[in-house]
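We count ligands from 1, going down the list as the structure has it; atoms in each ligand are counted the same way. Keep in mind the model is a prediction, meaning the values are calculated, not measured.
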Amino acid sequence: MLRLASMGTSAITLETGHSTDAVAAGEDWRTLLAQAIRDPVELCRRLGLPEELAAEAARSTTAFRVLVPQPYLARIRPGDPNDPLLAQVLPRKAEMANAPQFVHDPLHEAGIVRTPGLLGKYKGRLLIVASGACAVHCRFCFRRHFPYVQTLSGRTWHGVFKQIAAETSIEEVILSGGDPLTTHDCRLAEIAQQLSEIPHLRRLRIHTRLPIVIPQRVNDELLAWLRGTRLATFVVVHCNHPAEIDADVAAAFGRLVDAGVPVLNQAVLMRGINDDAEVLTELFGRLVDLRVMPYYLHQLDRVAGAAHFVVPEERGRELIFQLRARLPGYAVPRYVRDTPGAEHKVVLE
Ligand SMILES: *Cc1c(COP(=O)(O)O)cnc(C)c1O
Ligand code: SF4
């Protein structure tokens with residue numbers, strides 16, 4: 001039976017990370033998120049970058065504003081305008097260029113809404129927009145124009161659970177966003193509990209970039225609810241470059257895997273960031289060393305503002321071919337593309 005009363009419709013506010021709860025200073029993930037840099041000029045100043053770059057970033061910042069937390073900032077090389085981590089977070093004027101094939105809703109997600117906050121695209125799986133907030137704003141994000149405010153103001157958890165319960169062919173729920181792990185663990189534990197009471201559900205998957213950008217997020221409370229449900233839980237992290245993995249990120253992966261949670265990685269193939277056999281070899285080798293399985297290498301979704309990151313599919317195939325010669329088979333991800341209307345990813349190899 002579903003117990004919905006305790007999670008009434010008030011559980012719908014945007015999680016901003018600006019919690020008023022008392023939090024321990026320093027390492028608490030909520031503090032790190034609240035203190036994240038939100039101003040492109042400040043970002044450039046902290047990295048010792050030229051003023052022209054700061055001015056360009058300020059001019060190119062859209063409604064999808066800058067967001068970079070300190071633990072991620074610390075991995076960006078100061079003074080290097082071409083740093084591959086910086087390129088993922090700093091607005092450049094190329095974002096404003098007109099590219100007709102790059103659109104606001106590249107995967108036609110407006111057409112797959114089951115009930116507000118619940119998307120049904122893939123067979124047997126439903127995706128919950130659990131939060132509209134992220135811990136970093138990735139310039140290439142395919143949901144950078146997603147109508148979060150509208151979606152979340154229309155969402156009721158009661159409606160979401162009721163819909164999932166009504167679709168008996170659904171075996172797996174994916175918590176997505178935004179980043180679902182910007183939500184506090186007490187609420188996530190409650191969501192996991194409610195889902196576990198739906199008899200036909202077998203698996204719960206969490207798609208998140210938080211273990212990469214604020215590895216302190218992988219705390220005991222998170223591990224407790226991930227392990228404490230009857231559902232098989234999987235975490236899919238989004239790591240695009242080996243320089244994103246420092247000792248704290250490695251430790252965060254270790255905590256998840258040691259807790260018995262399989263961790264998979266999705267990377268997005270991007271020009272000037274990771275479209276290089278050396279970089280990808282290092283990335284996937286490092287991930288498997290940390291027992292994180294390279295799952296997908298994604299062709300960039302054609303979202304407005306990200307056209308300058310696109311790598312031709314031909315080049316992607318060539319890179320995969322090169323990786324096969326350099327890495328064990330299990331370390332080579334599938335090279336895929338998402339297609340509007342398709343019930344699964346299209347493999348590009
Ligand atoms: C592809 C994808 C999924 C689910 O597809 P699988 O092929 O089952 O992994 C869910 N969320 C995001 C963001 C995806 O890109
Ligand atoms: S963390 Fe994920 S959802 Fe958030 S901006 Fe980055 S890619 Fe998009």
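- Using a 4.5 Å cut-off between side-chain heavy atoms of Ile, Leu, Val, Met, Phe, Trp and Tyr, Val310 falls into a hydrophobic cluster with Phe102, Phe140, Val268, Met270, Ile273, Leu300, Phe309.
- Heavy-atom neighbours of Glu221 CD from other residues, nucleotides or ligands within 6.0 Å: above the threshold of 12.
- Of all the heavy atoms of Val236, none lies under 4.0 Å from any atom of ligand 1, so neither backbone nor side chain is involved.
- Looking at His184, Gln216, Arg217 one by one, the single match for side-chain contact (heavy atoms from CB on, under 4.5 Å) with Arg30 turns out to be His184.
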Test salt bridge (charged side-chain N to carboxylate O under 4.0 Å, His left out) on Arg203 and Glu172 and set out the steps.
CA-CA 5 Å; Arg203 295 179 294 274; Glu172 176 170 342; 3.0 Å; yes

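- Nearest to atom 8 (O) of ligand 1 by heavy atom, out of Lys123, Arg125, His238, is Arg125.
- Of the candidates Lys121, His207, His298, the one placing a heavy atom closest to atom 10 (C) of ligand 1 is His207.
- More than 12 heavy atoms of other residues, nucleotides or ligands lie within 6.0 Å of CZ in Arg291, so this atom counts as buried by the packing criterion.
- For ligand 1, the polar-atom distance check finds an N/O of Tyr296 within less than 3.5 Å of one of the ligand's N/O atoms.
- In terms of modelled atom types and a separation under 3.5 Å, the side chain of Glu349 and the main chain of Tyr335 share a donor-acceptor contact.
- An N or O contact shorter than 3.5 Å is missing between Arg143 and ligand 1 by distance.
- Below 3.5 Å of separation, one finds an N or O of Arg205 facing an N or O of ligand 1.
- Of all non-hydrogen atoms in Asp179 and Arg209, the two that sit nearest each other are OD2-N, 2.7 Å.
- Note: Ser169 OG to His200 NE2 = 7.5 Å, rounded to the nearest 0.5 Å.
- One finds no salt bridge joining Lys121 and Glu343 here, because no Lys/Arg side-chain nitrogen approaches an Asp/Glu carboxylate oxygen to under 4.0 Å.
- With ligand atoms numbered from 1 in the order given, ligand 1 contributes 6 (P), 7 (O), 8 (O), 9 (O) to contacts under 4.0 Å with heavy atoms of Tyr295.
- With rounding to the nearest 0.5 angstrom, the CG atom of Asn274 is 7.0 Å from the CG atom of Leu297.
- Here the CD1 atom belonging to Ile214 is positioned 11.5 Å from the CG atom belonging to Asn219, to the nearest 0.5 angstrom.
- Within a 4.0 Å radius of atom 6 (Fe) of ligand 2, the protein contributes one or more non-hydrogen atoms.
- Ligand 1 has an N or O atom lying under 3.5 Å from an N or O atom of Lys345, backbone or side chain.
- Distances shorter than 2.8 Å separate atom 8 (Fe) of ligand 2 from the protein N/O/S atoms Cys141 SG.
- Nearest non-hydrogen protein atom to atom 3 (C) of ligand 1 is Tyr122 CE1, 3.6 Å.
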